[in-house]
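The first residue of the sequence shown is numbered 1, and numbering continues consecutively from there. Since this is a predicted model, take the numbers as computed values, not measurements.
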Amino acid sequence: MNFSEVFKLSNQLCKFSPNGKYLASCVQYRLVIRDVSTLQILQLYTCLDQIQHAEWSADSMFILCAMYKRGIVQVWSLEQPDWHCKIDEGSAGLVSSCWSPDGRHILNTTEFHLRITLWSLSAKSVSYIKYPKACQKGIAFTSDGRHMALAERRDCKDYISIFVCNDWRLLRHFETDTQDLTGIDWAPNGCVLAAWDTCLEYKVLLYSLDGRLLSTYSAYEWSLGIKSLTWSPSSQFLAVGSYDEKVRILNHVTWKPIKELVHPVVVSSPKTVAYREVDKSQSVEPSQLTFPPPRGTPSSLFTVHSKYELVDVPVTLRTVKPDTDRANPELGIGMLAFSPDNRYLATKNDNMPCCVWIWDIQKMRLSVVLEQTSPVRSFHWDPVQPRLAICTGNSKVYLWSPTGCVSVQVPVEGE
């Protein structure tokens, strides 16, 4: 694997443009735009304060930088470097900022979620949406960019409003049968909207585009409920991860579960492949050197490399005992992701923090378990082929594909 030189970065703000041609990175108050193929700097923009959020427009022509402390958003154009736009929310403050799918409108959420301000770059106009709800995922756009769903809270009740994005007219407004709506998410085909309740109550509600309730699903009562939820790319399946350490796959015809994916401590199926990361000793140890290494020597020279070993089943996985008396216990399915080809589902059970589970969706069974030496921070599927990248906060990146898995040392100084 080839690596570039190390680039400076603040707040982990580094984004590829949607068309894949540019790479934006933020260094405090500077925005750096690079060409992906050569990594040469194309543009350098200076913002008014330290950048806390950056986001590309869908057509990759504009990029917004939000400075939440100041309540300011600055927008830059790649086609016209001299053009720029500054949006100041003033005393209302700013907690989040995002693009609309057309790349010509910006939605700013003010402090205390009092309202959403809708700024038009083309018409230079502004309009307001009241009562947005402060929740995990309160705004959702359909993948074709035609409709926006917004979670709202008014008069101590939850509502959902559906807007048409080209003229921002209200299409539907309806109350949801939830105690405390936590999130909303459109199916990739844009026909069904999933809404889920607080973790104190297991409830998924499925609505059509015109606001009809298609189905309600609840797996159990009187226990901590839903922790994560994701649609399959084909919109055929809805995967719901919960605090009982199971993933339930709902089908798009009856909205009933067709399979429960259990995450046991002992994996015993002979059809499951188990990989375990093991540390590999280096040929040169610092203690073996007759002189101390000079200052400035990359410490990756002396880092412990690792590799994967196949482990015979049954295999017992490491678990962590969660503190159930505290809020948000390290328990249950915290991460879910389908591969873009719809073939695999990757999951992480938070009380087995070092393990990634990969399920074969065609056969509805566990295909692979990877056990890392450190807790898994995140994983992400390759958008082109079935390949999963995993990171654990160390100086390595881990790649899995159906042909096997590999641990790659990133040549950086320190962790």
Side-chain angles (χ1 to χ4, degrees), residues 3-36 39-58 60-78 81 84-90 92-100 103 106-113 116-117 119 134-139 183 299-300 328 334-335 337 348 353 374-380 389-398 410-415:
F3 290 95
S4 71
E5 61 187 276
V6 178
F7 299 125
K8 282 186 177 178
L9 202 61
S10 303
N11 297 334
Q12 296 183 341
L13 288 175
C14 188
K15 303 265 175 84
F16 285 104
S17 61
N19 64 7
K21 291 181 180 177
Y22 310 111
L23 177 66
S25 57
C26 302
V27 186
Q28 301 204 327
Y29 55 88
R30 282 201 176 89
L31 172 68
V32 185
I33 309 293
R34 285 186 170 86
D35 183 292
V36 162
L39 294 177
Q40 294 294 314
I41 294 176
L42 298 176
Q43 297 292 344
L44 194 62
Y45 302 107
T46 304
C47 292
L48 294 167
D49 204 340
Q50 184 159 348
I51 302 163
Q52 291 173 276
H53 172 70
E55 188 177 319
W56 287 96
S57 62
S60 304
M61 288 172 66
F62 297 94
I63 186 164
L64 72 78
C65 299
M67 289 137 274
Y68 296 138
K69 288 181 199 164
R70 282 201 182 198
I72 289 174
V73 172
Q74 286 185 273
V75 188
W76 308 96
S77 166
L78 259 71
H84 70 274
C85 162
K86 177 186 156 196
I87 297 168
D88 192 342
E89 290 290 349
L94 182 67
V95 292
S96 73
S97 183
C98 70
W99 285 103
S100 67
I106 290 170
L107 290 87
N108 285 346
T109 306
T110 61
E111 280 190 334
F112 309 112
H113 283 72
I116 288 176
T117 317
W119 301 86
C135 60
Q136 194 177 315
K137 190 177 181 191
I139 299 177
S299 58
S300 59
N328 304 314
M335 285 158 63
K348 180 194 166 199
S374 309
V376 174
R377 298 272 189 93
S378 71
F379 52 67
H380 208 80
I390 303 163
C391 78
T392 62
N394 58 16
S395 58
K396 303 178 191 75
V397 64
Y398 306 93
V410 182
V412 294
E413 289 191 29
E415 285 293 280

Practice task
Could you tell me which residues satisfy side-chain hydrogen bond (donor to acceptor under 3.5 Å, both in side chains) with D35, sequence neighbours excluded, listed by chain and number?
Solution key: S37
Problem - Under the ring-ring contact (aromatic ring centres under 6.0 Å, His included) test, residues paired with H84 that sit two or more places apart - result: W76
Problem - Any residue meeting side-chain hydrogen bond (donor to acceptor under 3.5 Å, both in side chains) with T110, in chain and number order, not counting sequence neighbours - result: none
Practice task
Check the surroundings of atom CZ in F16: do more than 12 heavy atoms from other residues, nucleotides or ligands lie under 6.0 Å from it?
Solution key: no
Practice task
Please identify each residue that fulfils ring-ring contact (aromatic ring centres under 6.0 Å, His included) with W119, with sequence neighbours left out.
Solution key: none
Handout entry: salt bridge (charged side-chain N to carboxylate O under 4.0 Å, His left out) partners of residues 22-34, not counting sequence neighbours, each pair once
Key = none
Practice task
Mind checking side chain to side chain contact (heavy atoms under 4.5 Å, CB included) for F112 and listing every partner two or more places apart, or none if nothing turns up?
Solution key: L114
Exercise for the section: Under the ring-ring contact (aromatic ring centres under 6.0 Å, His included) rule, collect the residues that match up with F379, sequence neighbours excluded. Expected result: none
Practice task
Mind jotting down which residue pairs meet the salt bridge (charged side-chain N to carboxylate O under 4.0 Å, His left out) criterion with at least one end in residues 68-77? Sequence neighbours excluded, please.
Solution key: D49-R70
Practice task
Go through the structure and list residues passing side-chain hydrogen bond (donor to acceptor under 3.5 Å, both in side chains) with S77, not counting sequence neighbours.
Solution key: none
Problem - Residues which pass side-chain hydrogen bond (donor to acceptor under 3.5 Å, both in side chains) with E55, listed by chain and number, not counting sequence neighbours - result: H53
Handout entry: Test log, rule side-chain contact (heavy atoms from CB on, under 4.5 Å), inputs V27 and F7
Key = CA-CA 9 Å; V27 186; F7 299 125; over 6 Å; no
Handout entry: Residues which pass salt bridge (Lys or Arg N to Asp or Glu O under 4.0 Å) with K137, listed by chain and number, not counting sequence neighbours
Key = D185
Handout entry: By side chain to side chain contact (heavy atoms under 4.5 Å, CB included) - contacts of L13 (at least two apart)
Key = N11, C26, I51
Handout entry: From CA spacing to verdict: side-chain contact (heavy atoms from CB on, under 4.5 Å), I139, I116
Key = CA-CA 10 Å; I139 299 177; I116 288 176; 3.7 Å; yes
Practice task
Kindly determine whether T46 and Y29 satisfy side-chain contact (heavy atoms from CB on, under 4.5 Å), including the steps that lead there.
Solution key: CA-CA 6 Å; T46 304; Y29 55 88; 3.6 Å; yes
Practice task
May I ask you to decide if C47's main-chain N or O and Q74's side chain share a donor-acceptor pair within less than 3.5 Å?
Solution key: no
Handout entry: Test log, rule side-chain contact (heavy atoms from CB on, under 4.5 Å), inputs L78 and M61
Key = CA-CA 6 Å; L78 259 71; M61 288 172 66; 5.8 Å; no
Exercise for the section: Without swapping roles, check the side chain of S57 against the backbone of G103 for a donor-acceptor pair under 3.5 Å. Expected result: no
Exercise for the section: Say whether, by atom type as modelled, one donor and one acceptor occur between the side chain of S60 and the main chain of N19 under 3.5 angstrom. Expected result: yes
Practice task
Measure across Q50 and S10 and return the closest heavy-atom pair with its distance rounded to 0.1 Å.
Solution key: NE2-CB, 4.4 Å
Exercise for the section: May I ask you to check whether over 12 heavy atoms, not counting those of K21, lie within 6.0 Å of atom NZ? Expected result: no
Practice task
Measure up the F62 and W99 rings against each other and bin them: parallel (under 30°), tilted (30 to 60°), perpendicular (over 60°).
Solution key: tilted
